[in-house]
Each structure stands twice: as C-alpha cells, then as structure tokens.
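Model, not experiment: these values are computed from the prediction. Throughout, a chain's letter reflects where its sequence line sits, starting with A, and its residues are numbered from 1.
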Amino acid sequence: MADRSAFSPESLTENRLLYWIAAGLAVVMLAPVIWIVGLSLKNNQELMLGTEAVFRAPYTLKNYADIFVNSQVFGWFLNSMIVAVGQTLGVLTLCSLAGYAFARLEFPFRRTIFILVLFGLAVPEQAVIIARHQMFNWFGLHNTHIALMLPGMSSAFGVFLMTQFFRAIPREIDEAAMLDNTSQFRIFWKVLLPLTMPAQATLGIFTFLLAWNDYWWPLISATKKEMFTLTIGIASSQTNFAQSEGLGFLSAQAIFASLPVVIVYIFFQRHIVTAVSGGAVK
Amino acid sequence: MSAAIQINDVTKRYGALTVLENIDLEIAPGEFVVFLGPSGCGKSTLLRMIAGLEAVDSGTISLGGDRIDTLPPGKRGVAMVFQSYALYPHMTVSQNMGFGLQNIGVAPRDIDRRVKAAAETLEIAHLLDRKPAKLSGGQRQRVAIGRAIVKEPQAFLFDEPLSNLDAALRGRTRLELAQLHQRLGATMIFVTHDQVEAMTLADRIVILNERRIEQMGAPMEIYQRPATKFVAQFVGTPAMSFLPVSGIEDGARGVTLDVAGAGRVETGVHLPATFARENASLGIRAEDAKVLTPGEDGVPLRVKVVERLGDRAFIYGTLSDGTDFVVEDAGRSTVAAGQEVRIGFDPDALHIFDSAGRAYHHTEGA
Amino acid sequence: MKRLLIGTALASIACAGMAGAETTIELQRFFGACDADFGNVTDVSQAVGECGIITALVNKFEADNPDIDVNVTTVEWPGYDQLNAQLASRAAPDVVSMHYSVISDYQTRGLLDPIDDVLAAQGMSADVFTDASLAGVTKEGATYGLPFDNWTMLFHVNMNMMQEAGLVGDDGAPILPASVEELYEQGMQFKEATGKPYLVQILANETAAYTRILYTFLQQQNADFFADPTAIKLTTPEATNVVEMLKKIYDEGLTTTDMDYPAAVSGFSNGAGGIAVNGTWLIGDYTAQSEAEGNALSGGYTVYPLPQLFEGRDSTYADGHGWVLPKKDRSEEQLEAIGKLFKFLAENDFHWARTGHLPAVKAVFEMEEFQSLPHRDNIAEIAQTGQSLPPEVLRQFAIQDILGEEIAAAVHGDKSVEDALATAEKRVNDLLANI
Amino acid sequence: MAESYRRSRWSHALFVVPYLIVFLTLLVFPLFWGMWLSLNKVDLFGGAEFVGLRQYARVLSDPVFHQAVRNTVIFVAVSVPVLVGLGLFLALALNRKTRGAAFLRGLYFSSTILSVTIVTLIWRIVFIPNDGLMALIFAGLGWEPIGFLSTKGWSLFSVGVATVWWCIGLPMMLLLAALQQIPADLYEAAALDNASKGRILTRITLPSIKPTIMLVAVIQIVMQFQLFGQALLMTNGGPAGTSRPIVMYIYETAFIRWDVGLGAAASEILFVIILCAAMLQYWISTRKEEV
C-alpha cells in the first residue's frame with residue numbers, strides 16, 4: 001500500500017499539538033488522586049507534622065487495615081449499592097413503560113399528560129425537597145432504603161429519553177408484530193424492549209451515577225448511621241481533620257470507597273462511554 | 001389456503017382529508033393483484049386497511065367470505081412483507097420466522113418444521129441462526145417473505161418489497177415472486193409504483209389515483225387500452241406523447257384530427273356523437289410512431305436527444321409547434337441530435353382523450 | 001472483596017439479631033470519629049483527646065454493662081442540621097450531645113424530655129453538678145440534659161517562643177496583655193523577635209471562634225447586647241471596639257490568617273505562632289505533646305483564660321456540652337439503661353475533664369488526680385468568670401454563624417466595621433423576629 | 001365501527017400509571033406543597049401560619065440571598081464556559097483512534113463517577129493551607145501561599161476547580177459523540193476544496209456540532225445552578241459568604257435556622273431561575289429542528 005497517497009479525514013482534524021496538551025493536562029487530572037494515594041500510605045502521626053512526608057519512606061498499609069478493623073464503610077457501601085441499583089431498576093421500569101405508551105399508544109389526554117411530564121424536566125430537586133421531606137415524615141418513611149430510592153424515580157428525564165427512543169424505532173416493527181398476532185404487552189416486552197437496550201444502558205448509567213452521588217436527600221433522609229450512604233458516611237467523618245482520624249485514614253477511606261465504582265468503570269468503560277455518548281445523539 | 005377478498009365501498013379519512021373514497025374491489029382466490037399508482041394515491045393505505053394497520057372509516061372488507069375489518073391485524077389471516085422488511089433486529093432468522101407461530105401457540109416442533117421448510121424453499125436455510133444485521137439486503141428480503149410464508153396466510157400483502165434492492169436483484173426477485181405465487185397459488189396483493197413490477201407480476205393491475213380506482217384490468221389491457229389520460233401517461237416508458245387537437249372530422253376508417261404540430265392525422269378511432277370536441281388531445285406511444293426514410297412524407301420532428309438502449313433507440317424532439325414528442329427507432333438508428341427527421345404514426349394505435357381525460361381507442365372490427 | 005462484603009452483611013445481621021436480647025441506646029454525638037485508634041480501647045486512662053476519651057468511655061460502659069448496647073453515630077460538628085432532620089422525621093436517637101446554648105431551641109419547641117426522673121431512678125440528684133453547668137441545662141425548673149462540662153476559649157501559650165520573644169516573667173509565667181494597647185505592643189514584640197505571628201487564630205471558614213471572642217470582650221465591657229433576648233444590639237461603641245481590635249490584629253500581621261480549624265490546631269503544634277486562641281478541649285492534647293520530645297511545644301506549653309483587655313470586668317464567654325434526650329417513647333429498660341449511662345458519664349467526668357474542659361461534676365474539682373492535672377489552676381477562675389448568653393436567646397448557633405460571617409468580613413476588610421455590625425444586627429434580628 | 005391499533009383506549013394509559021403515580025406524588029404534589037409552604041411562617045416541626053407573600057419579601061430583601069444569587073451567577077458564568085470550552089478542547093484533541101487517546105478519554109471521564117464527598121475530600125486535601133498539595137507546591141516554588149479555601153475570591157475559584165475536575169467528563173463525551181457524527185465525506189469534500197486545517201475547524205467542524213455545543217452549555221447551566229455539595233463541604237460558603245450558592249442558602253434557612261417558609265420561598269425563586277434556563281434549552285432544541 002502506498003501510504004503517503006492514502007487520504008484519511010482524520011488527517012484533517014487531528015492535531016498533534018492539541019493531543020499532547022491534553023495528555024499534559026492529564027497530570028492535573030491525576031495529581032490530586034496520586035496525592036491522596038500517597039497520603040493514604042502514610043502514618044497519620046507523621047502526616048501531622050507535615051505532609052511533605054509523603055515523598056519519603058516508610059509507607060504503610062495500616063490505614064487500609066484500620067478500615068477493615070472498625071470502619072462502617074462496608075455498611076455504607078452496601079446501602080449505596082442497594083439504593084443505586086434499586087433506583088436504577090425502578091427508573092428503567094417506570095420510564096420504559098411510560099415511554100412506550102407515550103410513543104406508541106393512544107389514550108385520552110396523552111399529549112396533555114406528556115407535556116405535563118415535560119414540565120417536570122424543569123423542576124429542580126431544591127424546589128421540592130423541603131416539601132418532600134415533610135411528606136416522608138407523614139408516612140414515617142425516612143431512614144429506609146425505599147425513601148432513598150423513590151425521589152429519583154420521579155425523574156422526567158428518563159421518560160423523555162425513553163419516549164424519544166421508542167419513537168425512533170420504526171413503526172413497521174410493531175406492525176409486523178401485530179400481524180404476527182402479538183399482544184400489546186408482548187410487543188412491548190418481547191419486541192420493542194430488547195431494541196431499547198442502548199437507551200436502557202444510557203439511562204441506567206445516568207441514574208446509577210446520580211443515585212450513587214446524591215448528597216442532599218440522603219443527608220436529610222438517612223439520618224441513622226445504619227442507613228448512611230457512602231456519600232453521607234464519608235462526609236460525616238471528614239470534618240475536623242485534626243481531631244478525628246487523620247489525613248492518611250481519610251484518604252484511605254476515600255480510595256477504598258471509590259475503588260468498587262472505579263473497578264466497575266474500568267471494566268465497563270467502553271460500554272459506559274458508548275452509552276453516555278449514544279444517549280446524547282439521540 | 002387462498003381466499004377471495006372483497007372490498008366494499010371503503011372510505012378512509014385522516015381528519016378532514018379523504019385519502020380513499022368509496023373503493024369497491026373484488027379479488028379472486030389465488031389472484032395476484034398489483035396496486036399501482038403515484039406516491040400519495042392511497043395504495044399503501046388500502047393495503048394497510050386490509051392488513052388491519054389502518055382503521056376503515058366506512059365500508060367493509062372481507063376475506064374468504066368473512067368480514068375482517070373489525071378484527072385486529074393478527075387475527076385476519078393475512079401476512080405482510082414491509083418495504084423495510086421490519087425484521088426483529090434482536091431475533092435470529094428462525095426466531096423471526098417462528099415468532100408469529102409461537103404467538104398462536106403452535107407446538108415448537110411444528111414451528112421448527114415449518115420454518116425449515118420455508119427456509120429451504122427460499123434458500124436461506126444456512127442463515128437461520130443469524131441476526132438480521134448480518135444479512136444482505138436480498139437475504140433480509142427473503143427472510144421477510146419467509147416470515148410471511150410460514151404463517152400460511154389466506155392472503156399475502158406486499159408493500160413495495162423490492163424497492164430497497166438493487167436493479168439486478170430486483171429483477172431476479174421479481175421472477176422468484178412470480179414462481180412463488182404459482183407454487184403457492186395464494187391470493188397476493190402487491191403495492192408498487194414501479195410499472196415494470198406491475199406489468200410482470202400482476203394477474204390484474206389496479207391503478208389508483210386521487211382517492212379512487214382509476215382502472216382495473218390485465219396488464220396488457222391497461223397498457224394498450226388505458227381508460228384515462230392519467231393511466232396512459234402513468235403506464236409505459238417513455239411516457240406517451242400528447243398532442244393538442246384543434247379540429248376533428250369524421251371519416252370512414254375513423255376520425256381525422258387537426259393537430260397543431262403534425263397537420264392532419266388520420267386515425268382508426270371512432271368517436272361517439274357525445275364526444276366533447278373542445279380541448280381533446282391525441283396520444284401516441286413511442287413504439288407506435290416510426291422514423292420515416294428520407295424522402296417519405298411525414299411530420300417533421302426536430303431531434304434534441306437520442307437515447308440509445310442497444311436493441312432500440314428513443315428519439316426525443318419537438319414538433320413544429322414546439323410540442324415534445326418521442327419516437328422509437330431501431331437500435332442501429334443513424335438519427336443524431338440536431339437533425340430534422342420525418343415521422344409517421346400507426347393510425348390504429350392512436351388514442352384520443354376528451355377534455356375530461358377519458359380515452360377512446362381503435363376498436364377491432366368497428 | 002465480595003466475600004468480605006457478604007461477611008460484613010452477615011455480621012451486621014448477626015449484630016441486629018443479638019441486639020434484640022439486650023437494650024440498645026442510640027447515641028449520637030459530635031467530637032469526631034476515631035474508631036481506628038480507640039475503637040477497642042476500654043481503659044479510659046489510655047485515651048487522650050475529646051474523641052479518644054468519649055470513645056473509650058462508651059467502650060468501657062458497654063464492657064461494664066454487657067446487657068446494654070450503645071450504638072454510636074458520629075455526626076459532622078455540630079450536627080444540629082442532621083438532628084433537625086431527624087426530629088422532623090421522628091427518627092431522633094435516644095441520647096444526643098448538645099451545647100447548652102442550643103438546648104433552649106429544642107426545649108421551647110417541646111422536642112426534649114426532662115431527665116430528672118431518669119437521674120432520680122439512679123439515685124442521683126442535680127446538686128452534684130456545678131452551678132454553671134446546671135444553669136446550662138435547666139429550663140423552666142426542669143433539667144433537660146446531663147451536664148458534661150463547661151468550656152471557654154483560652155490562650156494556649158507556646159512558652160518556647162514566648163521565651164524567645166522575651167515575654168516570660170521572672171516567675172516563669174508568660175507575660176500576657178492586660179489591655180488592648182498591651183496586646184498590640186506585646187504582639188509586635190513577639191513578631192519582631194520570632195518572625196512569627198503572635199496569635200494562632202481560626203480565621204478561615206469558621207464562625208464560632210469570632211463570635212465567642214466577640215461575646216467575651218463585649219462582656220468585659222459590660223455591654224448588655226442581649227438585653228432583649230429577641231433582639232441583639234451591635235451598633236454600639238463596645239462592639240465596634242472589639243471588631244476594630246480584631247481587625248487591627250489582622251492588619252498588623254499579629255495573627256495567622258488563612259488557617260481553618262484543623263490547620264490552626266496543628267499550626268500551633270508546629271510552632272506557627274505564640275498563642276493559640278482556642279478552646280479548653282485542646283489542653284489535654286497539647287499537654288501530651290509538650291511532654292513528648294522533639295516538637296515545637298516540647299517542655300514549653302501553658303494555658304490561660306482569655307485576658308481581661310477591657311476595664312469593665314473579667315469575663316469569658318462560656319458554653320458547655322451536655323447529653324439530652326430527644327422526645328420519644330422509650331421503654332422502661334431503655335430509660336434505665338440511659339440512666340446507667342448518665343450515671344457512668346457523671347462518675348467518669350474526671351476523664352472527660354482530662355480533655356481540658358472544666359468538669360460539670362463538683363466533686364471532680366476536689367479530686368487529687370484532677371488537681372494534679374497540669375495548668376488547671378491557671379484556668380480555675382473561669383468557673384467564676386465564665387458567662388453564657390441569656391438562656392432565653394434562641395437559635396444561638398444560627399446567630400453565631402451570622403456574627404462570625406460578618407465579623408470575618410470586617411476583619412478581612414471586605415466590609416467596614418460599621419457596615420458589618422449593622423448588617424449582623426439586622427440579620428440576627430430578622431432571624432429572631434421570624435421564629 | 002372498524003377497529004385500529006391506533007385507537008385511543010383508557011387501558012393504554014395503564015402503561016403510564018405507575019410512573020404517573022410517582023411523578024404526581026413525588027414531584028407535582030411536593031412542588032405545590034412547597035409553594036404553599038412558601039406562603040407560610042412555618043418551622044421544621046410544623047405550626048404553619050399563613051403570611052402571604054411576606055417570605056418572598058424577606059428573601060428578596062435579604063442581602064445574604066443577593067450575595068448567594070451573585071455567587072451562583074458568577075460561578076455559572078465562569079464554570080460553564082470553562083466546562084464547555086475545555087470539553088470542546090478535549091473532544092477535539094482526543095477525537096482519534098489511538099489507544100493513547102482512548103486511555104485519556106477514559107481518564108478524563110473517570111472523575112465523573114466519584115461521589116461529591118470524595119471529590120471534595122480530595123480537593124480539600126489539595127487546597128488546605130500548610131499541609132495541602134498546593135501549599136507544598138507553592139512552598140517549593142518559593143511563592144507566597146494562598147489560602148485557597150479561605151480567601152475571598154479564591155474560595156469560589158477553588159470550588160470551581162473541583163467542580164470542573166469533577167464534571168468535565170460529560171461535556172467532553174457529548175461533544176466527542178457529536179464530532180463522530182460528522183460525516184466523513186464532508187471532510188473529503190473540504191480536502192478536495194483545498195481547505196486548511198484552521199478553516200476546516202471553523203467552517204466545518206464547529207458549525208456541525210454547534211447544536212450539541214449549545215445543548216451541553218444549557219445542560220451545564222442547569223446543573224451548575226444547583227451547586228451545593230462542593231461549596232458546603234469545601235468552604236462551608238465562606239469566607240464571609242463569598243462562596244455560598246443559592247442552594248446552600250436554602251439548606252441553611254430550612255435545616256439550620258428551621259425557617260422552612262423562607263427556605264421554601266427561596267427554592268421557588270431558584271425554581272423560576274432554572275425554569276428559565278430550561279425554557280432556553282427547549283427553545284434551542286426546537287430551533288435546532290427547524291434548521
């Protein structure tokens with residue numbers, strides 16, 4: 001192959017300089033993380049006297065060992081998992097059903113209801129959180145996993161995304177299924193739902209990340225330490241650096257707490273990236 | 001397995017817009033009927049109403065004597081092949097073909113047998129485990145047909161199923177469809193805007209235009225004796241040339257016409273007394289005119305383009321009054337653009353249209 | 001990883017199962033988390049610092065009372081927003097740490113249970129507690145919390161640096177200012193001699209320290225800024241004096257500037273300045289440090305109350321920590337368990353006093369061990385000079401935030417002193433008017 | 001009457017009912033309940049007393065609220081262009097098929113998955129005076145240390161740095177996706193027209209992804225208006241309230257000062273602000289379809 005005569009569109013858009021700048025900026029991205037990793041490997045007393053000790057041996061895994069001894073990180077992690085997974089499944093179920101109906105079925109007030117739901121897109125959590133907190137009081141729901149999962153399920157974004165996605169599936173597919181004598185629910189379940197998998201992945205990842213990172217709602221709803229999510233748990237132990245467990249332990253805790261999601265991310269990176277970008281183009 | 005279809009006085013509206021009006025049509029068992037018409041004429045809508053994908057606003061549709069327009073699509077006993085094939089992307093070929101049977105509770109063994117049989121017939125047995133994304137356009141098309149066949153429907157409905165194929169494949173598939181029809185003997189309705197498909201496949205062509213059926217008939221009848229100017233214009237390539245008629249005189253063989261660009265033209269057509277003589281026109285197919293040898297007396301045609309197809313050539317030009325005209329010549333035609341040639345017509349092959357578009361032809365023995 | 005998770009899950013289920021057999025007390029506190037260091041310590045004398053001692057105390061109590069399980073939740077200091085959410089959702093814990101200054105908020109709203117019966121059941125009477133601490137928890141004639149300590153802001157002194165600056169008297173005691181002018185003079189002297197700022201203050205992202213200092217020096221000027229407990233008065237010469245003094249200290253470079261709470265604590269440890277203006281709770285830590293070798297405080301640490309800089313009277317703003325019972329239904333067993341816990345805490349108040357706080361139990365003052373604790377005689381007077389806000393003043397923590405924010409703005413030069421005080425007054429009064 | 005599958009039927013609504021129940025109870029009802037609360041003098045523990053629009057008057061005349069609005073607007077006005085600009089830069093730089101680019105894409109997106117407490121913990125430990133990474137770097141370079149979390153101006157800046165570090169992944173990915181949607185033949189045509197790289201960027205690439213750029217900008221505006229956790233955990237809004245965002249004001253009034261009515265009124269105002277941003281998003285997306 002005569003390589004020099006080959007034309008590729010990339011050659012017009014790629015820019016070596018930009019690339020190397022981006023590669024250099026990655027240092028800024030990584031430096032804080034490396035710093036934390038360094039701190040987590042140091043003895044707390046040594047750090048008290050000055051954090052430049054990070055650059056000197058000895059290093060120790062004691063901070064990580066301490067997590068295993070007494071920390072509640074495991075419980076918090078479990079709560080976060082339960083809440084994030086539960087909320088994700090809930091959102092996917094509710095939004096798929098609703099998205100299918102809005103995209104494919106006729107029922108009275110369909111347009112009105114859909115527009116109402118779209119208005120929901122504009123309602124920020126802050127506008128409802130105080131009232132929500134009171135409502136959950138009335139039903140005594142606070143400090144339950146359900147209470148942590150439910151608010152996220154009212155997300156209008158999911159319904160919007162699923163509706164758009166169902167709309168994008170050619171109607172002929174439903175029609176072929178109808179001629180194949182398929183019931184309404186079976187068309188949804190066996191024919192169309194499998195086709196929305198990319199959208200499910202996108203919405204699922206978004207929901208999971210939102211639930212995993214949620215701060216305010218668990219802060220005021222999960223007030224018993226058994227119900228703390230990872231976010232709240234870490235926050236509860238992170239003030240008063242000097243008085244509590246020390247920088248090294250906090251760093252180790254932060255790394256330990258993020259490790260599972262980071263591992264999941266590394267394994268599924270390709271899918272996550274496709275899902276995130278795929279959802280955007282639709 | 002094949003059944004008659006009756007369409008009685010069917011009307012379809014979308015809000016204020018009427019797309020089909022008082023359609024009456026009977027299709028005999030085992031007949032291959034093609035709905036032909038320009039886009040937007042309602043031919044697909046009519047097909048989809050038979051399938052149950054569109055509601056009928058008034059009128060009835062029956063299949064094999066039973067009224068079906070009140071039944072949901074799956075209960076009508078018809079199968080449909082979509083223009084886009086509409087294969088289920090997440091199912092394999094055999095799952096695609098067996099899905100409908102599964103839905104009505106056919107035993108898995110029977111499904112398997114019927115799918116295999118259909119796949120053999122269509123020569124796609126080796127593709128049964130693939131998903132549609134891994135198939136070529138032609139293979140997908142076969143799977144779509146296979147999915148229809150396994151259901152053993154009382155009627156097959158085809159919605160422009162060949163339009164996504166390339167020219168060569170389209171020709172071959174056309175032949176295979178014809179063979180399939182012969183073998184199954186099933187009632188088939190085929191929607192297309194391609195007149196070649198219509199001509200080659202149909203037992204009977206139904207031409208639709210502007211909400212109604214313009215003409216029904218065997219392909220050659222449609223071609224040779226179009227009922228209206230629309231049909232005459234729509235069927236046949238290149239399209240029929242139309243010349244404005246300024247005067248009509250009765251003669252023994254037929255009427256003689258005064259045509260602006262062609263002088264007096266004798267025809268073999270007899271017109272009834274009621275014929276409205278204003279704004280009539282003369283229609284001539286390219287193959288019904290010929291280029292005369294130099295010196296012969298004929299109508300002068302200024303040649304603009306010569307389209308050579310190998311076995312024949314079409315000569316496009318203008319008559320003295322500027323009217324466009326096409327004439328067929330032999331493949332070795334020496335006519336070149338810019339020349340002026342003389343042409344003549346076969347009087348018995350001429351068509352005369354009144355101002356409303358109604359056609360009058362030469363009648364044998366009249 | 002997975003096995004570990006499952007293991008923990010099983011363990012927590014097992015714990016929950018066991019908890020049914022015993023009485024569980026949900027205890028929620030601030031003071032930080034230090035399970036890694038003290039999670040298994042039951043010998044209280046081994047523990048140091050607020051966090052270590054309270055952790056060890058609870059461990060000891062559980063060890064002594066195997067039928068009682070104390071389930072501790074540590075909250076971000078001060079944790080009242082979380083407590084509010086809990087109270088609102090009727091999910092409050094059984095026992096909560098609370099500043100005396102905020103007890104009124106909850107008591108007036110009927111959110112606390114009095115503890116008199118609980119104490120009586122254990123044969124305890126309220127008069128074992130000091131007057132100052134008892135005043136903090138007594139509302140409308142009932143006791144609404146177990147007093148645990150009294151605390152004030154102090155001058156923690158690095159004697160090594162003071163020596164260097166020539167600010168140590170012949171008696172070996174540090175020379176501390178007795179007026180605002182002396183403060184500036186000694187501060188300059190210190191700065192010139194050591195090159196370090198005189199004061200180590202918590203000036204970054206902190207509101208409590210400013211406010212406590214303001215209250216202290218307003219009290220010293222006999223300013224009755226809360227004559228009406230529903231309206232503060234800050235547009236006064238007295239308040240201006242205090243804030244201008246703080247501003248001048250800042251402007252003259254007599255104080256560290258950008259230290260937040262933890263930075264100020266460790267900064268003083270590392271010799272960042274001569275005198276740390278911080279609370280009683282650090283005495284234990286700093287004493288322990290001064291007894292160790294090779295650091296900035298080695299052999300050179302002492303502590304004094306905030307000096308009287310104004311002529312009115314010697315006074316220091318004081319507050320204290322107590323343990324309260326949020327209103328809820330409790331079983332007899334639970335009340336008894338709580339009573340035992342309270343009795344235990346009161347009996348071990350000496351250990352808590354090792355942090356540096358003034359004991360809430362009178363008897364501790366008489367204990368030899370207490371008297372032999374270093375520096376305690378220096379600060380004994382705060383038992384008399386310590387003064388809190390009128391108990392009728394509600395939302396003292398919210399007020400503290402507002403004042404701290406506005407004083408910080410003035411000190412940092414973002415606002416004029418008059419503007420800051422006027423704004424603070426307006427904001428506080430708006431808050432109080434809308435309760 | 002003939003049947004059709006497109007017929008409107010009540011039973012079809014059953015698919016929507018589960019979501020609708022959640023939507024009505026957890027979004028619509030609290031929205032109106034919140035509006036009602038904002039018209040009342042009410043604390044965390046009940047005892048509502050109707051006061052009309054007085055809470056709104058209080059919020060709108062509160063200098064702290066003004067400051068919070070100003071902080072939030074400044075934060076949005078600075079962080080959103082940075083997020084969009086940097087996201088665009090990274091998307092352009094990393095839009096290539098090499099393994100290195102794939103790795104960097106993954107790296108830049110990875111921070112997005114961390115929770116806000118971890119992010120703020122990391123950045124606090126970077127920014128804290130004396131012991132922080134920045135303090136060490138400054139000391140190493142012999143520069144005057146900056147109190148990043150405690151100096152007016154720098155505190156909001158530091159919150160912004162942590163936010164950009166945390167949020168940069170999404171804009172980058174969305175813009176990358178848009179870049180990859182540009183048909184290659186457009187570039188082939190440009191190559192035949194002898195266009196320079198610069199012209200290709202400004203005349204082909206950027207116009208092609210303009211709708212996505214706008215979309216990303218609006219998403220970020222809506223998101224960054226809701227700034228809360230970073231400010232609360234890193235600076236607690238300080239110093240002197242210079243890094244307190246609107247949401248933190250709401251949190252403080254409702255859950256620290258118990259002033260639920262006032263907090264509700266402030267949230268309604270934030271709602272209106274975000275509603276405007278969302279309308280902008282709707283306007284942009286519909287305009288896109290016309291093109």
Side-chain angles (χ1 to χ4, degrees), chain A residues 7 9-10 12-14 18-19 21-23 26 29 32 35-36 51-52 94 97-98 100-101 105-108 117 120-124 126-128 130-132 135 150-151 153-154 159 178 209 212-213 215-216 220 230-231 234-235 238 247 250 254 257-258 261 265 269 273 276-277 280-281, chain D residues 5-10 12-13 15-16 18-19 22-23 26-27 30-31 33-34 37 90 92-94 96 104 106-108 110 113-118 121-122 125-126 131 133 136 173-174 176-177 181 184 187-188 191 200 226 228-229 233 247 250 254 260 263-264 267 270-271 274-275 278:
Chain A
F7 165 81
E10 285 85 22
L12 293 173
T13 54
E14 284 182 3
L18 290 188
Y19 177 76
I21 295 176
M29 233 22 225
W35 175 242
I36 298 290
T51 42
E52 64 276 4
L94 295 179
L97 286 168
Y100 167 66
L105 303 178
E106 273 299 338
F107 49 88
V117 171
L121 277 175
V123 180
Q126 295 79 28
V128 296
I130 295 170
R132 243 185 221 165
M135 282 174 61
L150 272 178
M153 293 189 200
S154 62
V159 172
M178 265 174 236
L209 284 178
W212 185 265
N213 291 331
Y215 179 64
W216 194 1
I220 57 176
L230 207 50
T231 332
I234 300 273
Q238 94 170 236
L247 287 181
L250 285 172
S258 340
V261 272
Y265 173 67
Q269 191 194 339
V273 166
V276 170
S277 31
V281 186
Chain D
Y5 74 93
R6 287 198 194 154
R7 279 184 65 75
S8 174
R9 262 188 240 161
W10 281 103
H12 288 163
F15 283 91
V16 188
Y19 171 74
V22 177
F23 178 73
L26 289 171
L27 203 77
L31 185 67
W33 183 248
L37 282 177
L90 290 173
L92 289 171
L94 301 177
R96 40 166 68 196
L104 289 174
L107 178 71
Y108 279 108
S110 61
I113 62 167
L114 300 178
S115 72
V116 64
T117 25
I118 306 281
L121 178 61
I122 290 174
I125 297 181
V126 169
D131 290 340
L133 181 61
L136 282 192
M173 283 299 174
L174 298 182
L176 261 169
Q181 295 293 309
Y187 290 111
E188 289 164 359
I200 285 174
Q226 303 181 37
F228 175 49
L233 292 169
V247 180
I250 298 170
V260 166
S267 22
L270 178 66
F271 172 44
I274 294 184
L275 191 66

Practice item. Could you tell me which portion of A:V159 (side chain, backbone, both or neither) has an atom closer than 4.5 angstrom to a non-hydrogen atom of chain D? Key: side chain
Revision key, fill the gap. All heavy atoms of D:L37 vs all of A:A131, minimum pair found to be CD1-CA, 4.2 Å
Practice item. Could you look at A:M153 and say if it's the side chain, the backbone, both or neither that has a heavy atom under 4.5 Å from chain D? Key: both
**Study point:** Considering all heavy atoms, the nearest D:F15-A:A101 contact
**Key:** CB-CB, 3.5 Å
Review point. What's the spacing between D:L233 CG and A:T231 OG1 if we round to 0.5 Å?
Key: 10.0 Å
Check your understanding: What closest approach, in Å, do D:V116 and A:Y215 show between heavy atoms, and which atom pair accounts for it?
Key -> CG1-CB, 3.7 Å
Review point. At a heavy-atom separation under 4.5 Å, does D:A254 approach chain A through its side chain, its backbone, both, or neither?
Key: side chain
Review point. So what's closer than 4.5 Å to chain D heavy atoms on A:L209: side chain, backbone, both or neither?
Key: side chain
**Study point:** Residue, of D:V247, D:I250, D:V260, that accumulates the most heavy atom pairs under 4.5 Å with chain A
**Key:** D:V247
Practice item. Would you give the length of the straight line joining atom CG of A:L250 to atom CD1 of D:I122, rounded to the nearest 0.5 angstrom? Key: 12.0 Å
Exercise for review: Could you list the residues that satisfy side chain to side chain contact (heavy atoms under 4.5 Å, CB included) with A:A22, not counting sequence neighbours?
Suggested key: D:F89, D:L90, D:A93, D:L94
Review point. Under a 4.5 Å heavy-atom cutoff, which of D:P30, D:A264, D:G34 has the most pairs with chain A?
Key: D:P30
Exercise for review: Find the one option among D:L136, D:L104, D:V126 whose heavy-atom pairs under 4.5 Å with chain A are most numerous.
Suggested key: D:L136
Exercise for review: Might you point out which heavy atoms bring A:W212 and D:I113 nearest each other, and give the distance in Å?
Suggested key: CD1-O, 4.0 Å
Check your understanding: Listed by chain and number, what are the side chain to side chain donor-acceptor pair (under 3.5 Å) partners of A:Y100, not counting sequence neighbours?
Key -> A:Q184
**Study point:** Distance-minimising heavy-atom pair for A:Y265 and D:S110
**Key:** CE2-CB, 3.5 Å
Review point. What distance separates D:L27 CG from A:S154 OG, expressed to the nearest 0.5 Å?
Key: 4.5 Å
**Study point:** Gap between atom CD1 of A:I36 and atom CD1 of D:I125 - 0.5 Å precision
**Key:** 4.0 Å
Point to revise | chain A contact via D:F23 - side chain, backbone, both or neither, heavy atoms under 4.5 Å | key: both
Exercise for review: Might you point out which heavy atoms bring A:N213 and D:S115 nearest each other, and give the distance in Å?
Suggested key: OD1-CA, 2.7 Å
